[in-house]
2 protein chains.
Amino acid sequence: MSLARFSLNQATIKCADLPTAVRATVDAGIPAIGLWREPVAEFGLTASAAAVRDAGLRVSSLCRGGFFTVPEGRARRAASDDNRRALDEAAVLGAPTLVLVAGGLPEGSRDLVGARSRVVEALGELAPHARQVGVTLAIEALHPMYVSDRAVVSTLGQALDLAAPFTPEEVGVVVDTFHVWWDPALREQIARAGRERRIASYQVCDWMMPIASDPLLSRGIPGDGCIDFATITEWVRAAGYRRDVECEIFRQEIWDADAFEVANRVADAYERLIAEHV
Amino acid sequence: MSLARFSLNQATIKCADLPTAVRATVDAGIPAIGLWREPVAEFGLTASAAAVRDAGLRVSSLCRGGFFTVPEGRARRAASDDNRRALDEAAVLGAPTLVLVAGGLPEGSRDLVGARSRVVEALGELAPHARQVGVTLAIEALHPMYVSDRAVVSTLGQALDLAAPFTPEEVGVVVDTFHVWWDPALREQIARAGRERRIASYQVCDWMMPIASDPLLSRGIPGDGCIDFATITEWVRAAGYRRDVECEIFRQEIWDADAFEVANRVADAYERLIAEHV
């Protein structure tokens with residue numbers, strides 16, 4: 001099986017700096033990489049863009065913008081400026097997509113309906129800049145267990161509703177198996193996402209039990225957990241998705257392992273479980 | 001504000017035996033109780049029914065049946081027999097409703113679609129017995145973080161789809177705030193549940209952060225967590241719900257506290273936050 005459409009998200013080898021991440025990706029025969037803003041900033045934006053380009057890697061996405069749910073005021077203006085900068089960085093890096101994490105309930109608030117409505121407004125503010133720099137804003141639905149502290153966007157259907165007022169070039173969605181695999185409406189919403197040309201990124205990552213004491217770190221390498229990757233990947237293929245398939249894992253034992261070894265392990269999992277279904 | 005429609009679910013004072021639970025409920029001025037099969041069996045079914053009746057309490061529900069997802073075979077037949085017994089017990093206790101937890105993925109399985117389809121079959125098997133004994137099977141959607149190990153029914157919409165082939169007297173749904181508060185489709189699905197006359201039980205319980213190391217125990221007393229009870233309760237009222245509002249909390253520090261004190265605390269929370277909205 002081929003790695004032709006596989007991409008290693010940099011968060012999977014979080015402890016590696018950018019040049020090491022690039023080398024580990026190339027070394028494992030992976031043709032694309034998903035970048036994060038923090039390690040890119042650390043190595044320098046222009047230097048990072050050059051390092052990735054010189055290594056012959058595609059950039060599948062940049063993580064991440066968002067955090068849209070704070071009420072109007074200084075913090076919100078700062079977030080808005082930062083999101084514009086993130087779009088500019090994505091353009092410099094050649095990333096087609098900026099992944100957005102919506103943000104949770106503001107401190108002390110219980111107004112989930114209100115927080116969700118602020119996401120709509122923030123997208124409206126950012127979309128013109130996204131169009132201008134040629135980068136798609138990709139709304140990522142996060143698992144409902146993160147709704148209060150991370151992301152008030154909880155289902156693929158909700159993400160598609162949020163994207164609806166914009167063109168697919170301006171606003172798309174991320175399908176991340178870890179976050180959406182449980183959804184009884186998943187098949188139908190992936191098909192809808194295809195019809196509406198909204199799938200900007202497909203990310204693969206397994207659901208591990210028991211849930212980690214830090215629930216952010218409950219993710220695992222495909223095949224190690226509960227998710228049926230063949231079925232979901234076939235749904236994504238049937239929806240017409242033809243871009244890179246990113247593997248993004250947050251897990252302490254994987255972060256503790258050698259980056260080169262991890263790159264090989266995830267590439268192997270992709271070849272065994274996913275490649276034939278993409 | 002009045003406790004007239006409040007019910008204390010016995011799991012909230014898990015360490016109390018049945019007579020103590022009854023006394024704590026009466027003592028707090030709460031007119032109804034939600035029972036669990038295990039403490040009822042321990043005290044004896046007939047004795048429990050008499051104790052509750054003699055105390056002048058309504059029984060709002062019996063917990064629980066379900067565990068429908070094992071493949072056909074001996075375990076599944078045993079589950080089916082046990083569910084029929086649970087319906088009989090509910091009838092003896094005067095409980096209008098048997099709460100159902102669907103069950104998770106069978107050991108080693110990744111076939112979520114298949115597990116879900118077995119829930120449909122199991123309901124079809126049980127519905128005639130439910131009708132016969134005059135007890136409504138109430139499908140409870142559990143939070144998506146429990147999909148692999150507890151319940152493959154994850155949203156109110158999915159529960160309503162499962163109930164659709166049956167009459168509302170045979171099969172209804174539970175709306176438990178802890179499990180469904182995050183759902184972007186909640187308002188719309190509660191309204192639908194009302195139109196379809198499916199709300200068999202409304203349960204109130206807060207979402208506490210951080211998620212407990214045993215995620216089952218992340219529940220809290222209304223007001224202690226992130227949920228907007230006024231809004232959700234108004235939606236449930238607008239849907240025409242007029243039965244008891246149960247408070248069911250799994251939380252170690254609450255189980256460790258005195259049952260009489262806990263009954264008073266939850267009654268107080270109900271009066272402050274929920275009573276005026278029911």
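Chain naming here is simple, since letters A, B, ... match the order of the sequence lines and numbering starts at 1 in each.
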Asker: Check whether M145(B) gets within reach of chain A through its side chain, its backbone, both or neither, counting any heavy atom under 4.5 Å.
Answerer: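 Contact with chain A is through both the backbone and side chain of M145(B).
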Asker: Quick check on V113(B) against chain A: is it the side chain, the backbone, both or neither that has a heavy atom closer than 4.5 Å?
Answerer: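 The side chain, not the backbone.
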Asker: Apply side chain to side chain donor-acceptor pair (under 3.5 Å) to Q189(A) and T155(A), showing your working.
Answerer: CA-CA 9 Å; Q189(A) 293 301 325; T155(A) 64; over 6 Å; no
Asker: In terms of ring plane angle, is the pair W207(A) and H143(A) parallel, tilted or perpendicular, where the classes change at 30° and 60°?
Answerer: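 Parallel: the ring planes of W207(A) and H143(A) meet at under 30°.
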Asker: What part of P144(B) gets closer than 4.5 Å to chain A, counting heavy atoms only: side chain, backbone, both or neither?
Answerer: both
Asker: Is the closest side-chain donor-acceptor distance between W181(A) and D228(A) under 3.5 Å?
Answerer: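 The criterion, which ignores hydrogens and geometry beyond distance, is not satisfied for D228(A) and W181(A).
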Asker: Does R237(A) CZ have over 12 foreign heavy atoms under 6.0 Å away?
Answerer: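 Above 12, so yes.
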Asker: Considering only heavy atoms and a distance below 4.5 Å, find which of S109(A), S154(A), G108(A) pairs most often with chain B.
Answerer: S154(A)
Asker: Can you find a pair of side-chain heavy atoms, one from V119(B) and one from Q158(B), that are under 4.5 Å apart?
Answerer: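 They are not in side-chain contact.
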Asker: Given that the side chain runs from C-beta out, which part of I227(A) has a heavy atom under 4.5 Å from chain B: side chain, backbone, both or neither?
Answerer: backbone
